[in-house]
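Structure first, commentary second.
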Amino acid sequence: MKVVIIGASGYSGAELASLVIKHPQLTLAGCYVSEQSLDKGKLLSDLYPEHLGLLEYPLQPLTEPAFQAIDKDADYVCLCTDHKVSVELAPRFLAMDKKVFDLSGGFRLASNTDYERYYGFTHQHPTLLAEAVYGLAEWNSAAIAKAQLIAVAGCYPTAALNALKPLQQAGLLATQPVIINAVSGVTGAGRKANVGSHFCEVSLAPYGLFNHRHSPEIAQQLGHKVLFTPHLGNFSRGILETIYVQLKPDVSSAQVANAYQLLAEQPLIRLLGDKIPSIKGVANQPYVDIAWQQQGEQLIVIVAIDNLLKGAAGQALQCINLTMGLPHQTGLVGAG
Ligand SMILES: NC(=O)C1=CN([C@@H]2O[C@H](COP(=O)(O)OP(=O)(O)OC[C@H]3O[C@@H](n4cnc5c(N)ncnc54)[C@H](OP(=O)(O)O)[C@@H]3O)[C@@H](O)[C@H]2O)C=CC1
Ligand SMILES: CC(=O)N[C@@H](CCC(=O)OP(=O)(O)O)C(=O)O
């Protein structure tokens, strides 16, 4: 399959390019940036010297001739662009009958009202919200395999949902909101310059209190209320979430362990038992690491992912694998 990446100069786009190029059954058919991009014409490896010798791909401006070339040459289009840009671009590629993998939040929520409230824009293609399949690979694999538009799950939601869905499905959550405290590395904020993610400014601080766009995404997919607070930490990549769960009365530790057995055979999920997940354990890895401890009705779940891999490019590749009938981990673990 031939894959093009729109927004290839960004952190998630470049990560995805580096995965596609090593995948045994994919060809990287083009790397695109905006028509006005300061990076157009540069090689991806000029921007990311760690990929020297691997990503010698020119960054092409997304012009009308580029759209025609994509129509002719590509099977899959990956949008590694801002939400609003993705909302504009996806219908164009869907009309060309391409499969579209959108890494933004542009098609993840069901309601246009939530776009206005949490994203600050009115969705221009609300009918596609019902058509888009949520790309949380372990939980939605059958629908992803058949979908034309995949809304790859958000980074914080990927960690939270893998940690909480087993408990929710087993009916173990009490009615109180689940409290999610999350810390992300700075690549989560994207590559372009901005004071908030400047080296000298970042320490450790919460943001998006009560109104982060991942709150409705997690609640919608979990079917349970959450109180989600992200923090920005002074490291490059990785997300760690400490999640406080009130269990229903008399839920035993065996019931909790049984609930997580649902994930035990998943190749990209690691249940760590009595080891504690950490950023170090997942940085540059495609896995979700999960562990928990229980005291009576209180459960603390710790979950960690790499925001650019399982939280973005890795999960996008996992979704591509599913549409091709390949195992989840092809191109992500070992020789594929
Ligand atoms: N970083 C992360 O950890 C994660 C990011 N995501 C999502 O993925 C998307 C990309 O994020 P990230 O990689 O961090 O973003 P970056 O800001 O690092 O990259 C954005 C990319 O989009 C390009 N771009 C901007 N405007 C256009 C346009 N009109 N047409 C084509 N290309 C354009 C940029 O290049 P240029 O401006 O030079 O044209 C750049 O290549 C976002 O929606 C984000 O929410 C999802 C999960 C995790
Ligand atoms: C540290 C940081 O700024 N993180 C971003 C989330 C990462 C991202 O781009 O979000 P999606 O997974 O929804 O695409 C934020 O809080 O908006």
Side-chain angles (χ1 to χ4, degrees), residues 4-18 30-42 44 47-48 57 59-63 66-67 70 77-90 92-93 101-109 118-120 134-136 151-161 182-194 196-197 202 204-209 211-218 221 228-241 283 305-316:
V4 300
I5 299 177
I6 318 290
S9 67
Y11 284 148
S12 60
E15 194 73 31
L16 186 56
S18 76
C31 289
Y32 293 89
V33 287
S34 64
E35 213 170 336
Q36 312 72 24
S37 176
L38 297 175
D39 293 320
K40 68 185 170 197
K42 293 180 189 167
L44 206 36
L47 272 53
Y48 294 92
Y57 278 77
L59 292 163
Q60 306 173 64
L62 192 59
T63 55
F67 279 106
I70 293 169
V77 176
C78 297
L79 301 176
C80 300
T81 39
D82 174 67
H83 324 292
K84 245 180 137 172
V85 174
S86 285
V87 171
E88 279 166 33
L89 291 178
R92 216 163 154 185
F93 293 117
F101 299 83
D102 179 26
L103 280 74
S104 88
F107 296 95
R108 293 184 199 143
L109 300 181
Y118 291 99
Y119 282 75
Y134 190 63
L136 187 69
V152 180
C155 50
Y156 291 118
T158 291
L161 290 167
V183 191
S184 171
V186 189
T187 51
R191 184 166 182 269
K192 59 187 173 313
N194 134 8
S197 55
V202 178
L204 176 61
Y207 65 101
L209 279 72
N211 66 6
H212 193 278
R213 62 197 165 78
H214 287 173
S215 292
E217 185 179 333
I218 299 168
Q221 294 296 328
F228 165 69
T229 310
H231 300 65
L232 186 65
N234 60 357
F235 50 92
S236 299
R237 53 196 291 166
I239 284 178
L240 183 85
E241 298 182 2
I305 61 168
D306 182 313
N307 56 301
L308 295 178
L309 282 167
K310 186 65 188 180
Q315 183 147 246

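Indexing begins at 1, ligand by ligand and atom by atom, following the structure's order.
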Open item on the list: Looking only at distances, can you tell me whether any N or O atom of G7, backbone or side chain, sits closer than 3.5 Å to an N or O atom of ligand 1?
Closed with: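 Right, the criterion is met.
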
Closer than 4.0 Å to some heavy atom of [X] - which atoms of ligand 1 meet that?
X: Y11; value: 13 (O), 18 (O)
X: R191; value: 16 (P), 17 (O), 18 (O)
X: G311; value: 47 (C), 48 (C)
X: K192; value: 17 (O)
X: S37; value: 36 (P), 38 (O), 39 (O)
X: I6; value: 31 (C)
X: L308; value: 1 (N), 2 (C), 3 (O)
X: A312; value: 47 (C), 48 (C)

Open item on the list: Please determine whether the number of non-hydrogen atoms from other residues, nucleotides or ligands lying under 6.0 Å from atom CG of L204 exceeds 12.
Closed with: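 Yes - once you tally the heavy atoms of other residues, nucleotides and ligands closer than 6.0 Å, there are more than 12.
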
Task: Within 6.0 Å of NZ in K84, more than 12 heavy atoms from elsewhere - done: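 12 or below, so no.
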
Task: Between CG on residue L308 and CZ on residue R237, distance to nearest 0.5 Å - done: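 Atom-to-atom, L308:CG and R237:CZ are 4.5 Å apart.
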
Validation row: [X], [Y] side chains within 4.5 angstrom (heavy atoms):
X: I70; Y: I6; value: yes
X: R213; Y: R108; value: yes
X: L16; Y: C80; value: yes
X: L136; Y: Q221; value: no
X: L89; Y: V77; value: no
X: S104; Y: Y119; value: no

Residue, atom name and distance, where the atom is the protein heavy atom closest to [atom]:
atom: atom 27 (C) of ligand 1; result: S34 CB, 3.5 Å
atom: atom 13 (O) of ligand 2; result: H214 NE2, 2.4 Å
atom: atom 45 (O) of ligand 1; result: H83 CE1, 3.3 Å
atom: atom 12 (O) of ligand 2; result: C155 N, 2.8 Å
atom: atom 1 (N) of ligand 1; result: T187 O, 3.0 Å
atom: atom 14 (O) of ligand 1; result: G190 CA, 3.2 Å

Relative to [atom], which among [options] owns the nearest non-hydrogen atom?
atom: atom 4 (N) of ligand 2; options: G106, G188, S86, G208; result: G188
atom: atom 3 (O) of ligand 1; options: L38, N307, V186; result: N307
atom: atom 12 (P) of ligand 1; options: S104, G10, S9, S12; result: S12
atom: atom 42 (C) of ligand 1; options: T81, L62, L103; result: T81

Can any side-chain N or O of [X] pair as donor or acceptor with the backbone N or O of [Y] at less than 3.5 Å?
X: K40; Y: V33; answer: no
X: T81; Y: G7; answer: no
X: H231; Y: A205; answer: no
X: D306; Y: G238; answer: no

Do any N/O atoms on [X] end up under 3.5 angstrom from N/O atoms on ligand 2?
X: A153; value: no
X: H83; value: no
X: Y119; value: no
X: Y207; value: yes
X: H212; value: yes
X: R213; value: yes

Task: Which of the ligand 2 atoms, numbered from 1, are nearer than 4.0 Å to a heavy atom of L232 - done: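 Listed by number with element, the hits are 1 (C).
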
Task: Close-contact set for ligand 2 against A189 heavy atoms, below 4.0 Å - done: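 Numbered from 1, ligand 2 contributes 1 (C), 2 (C), 3 (O).
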
Quick one: does ligand 2 sit under 4.0 Å from the side chain of [X], the backbone, both or neither, non-hydrogen atoms only?
X: R108; answer: side chain
X: S184; answer: side chain
X: L103; answer: backbone

Open item on the list: Test side chain to side chain contact (heavy atoms under 4.5 Å, CB included) on L59 and L47; report intermediate values, then the result.
Closed with: CA-CA 10 Å; L59 292 163; L47 272 53; 3.8 Å; yes

- [ ] Give a yes/no on ligand 1: does Y32 have at least one heavy atom closer than 4.0 angstrom to it?
- [x]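 The answer is no, since Y32 has no heavy atom less than 4.0 Å from ligand 1.
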
Task: Sub-4.0 Å heavy-atom contact, C80 with ligand 1 - done: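 True for this residue.
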
Task: E217 vs Y156, side chain to side chain donor-acceptor pair (under 3.5 Å): CA-CA, chis, key distance, verdict - done: CA-CA 10 Å; E217 185 179 333; Y156 291 118; over 6 Å; no

TODO: Report the part of V152 in contact with ligand 1, treating N, CA, C, O as backbone and CB onward as side chain, heavy atoms under 4.0 Å; options are side chain, backbone, both, neither.
DONE: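 Neither part.
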
Task: ligand 1 versus V85: contacting region, heavy-atom distance under 4.0 Å - done: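 It is the side chain that gets close, since no backbone atom is under 4.0 Å.
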
- [ ] Verify whether one side chain among D102 and S86 offers a donor that lies under 3.5 Å from an acceptor in the other.
- [x]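 Result is yes, a qualifying pair exists.
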
Open item on the list: Here's one to test your reading of the geometry: is the NZ or CZ of R191 within 45 degrees of the ring axis of Y48 and under 6.0 Å from its centre?
Closed with: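 Yes; both conditions hold, so R191 lies above the ring face of Y48.
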
- [ ] May I have the step-by-step check of side chain to side chain contact (heavy atoms under 4.5 Å, CB included) for N234 and V186, ending in yes or no?
- [x] CA-CA 7 Å; N234 60 357; V186 189; 5.7 Å; no

Open item on the list: Using side chain to side chain contact (heavy atoms under 4.5 Å, CB included), reason through V183 and F235 one step at a time and then give a plain yes or no.
Closed with: CA-CA 10 Å; V183 191; F235 50 92; 3.9 Å; yes

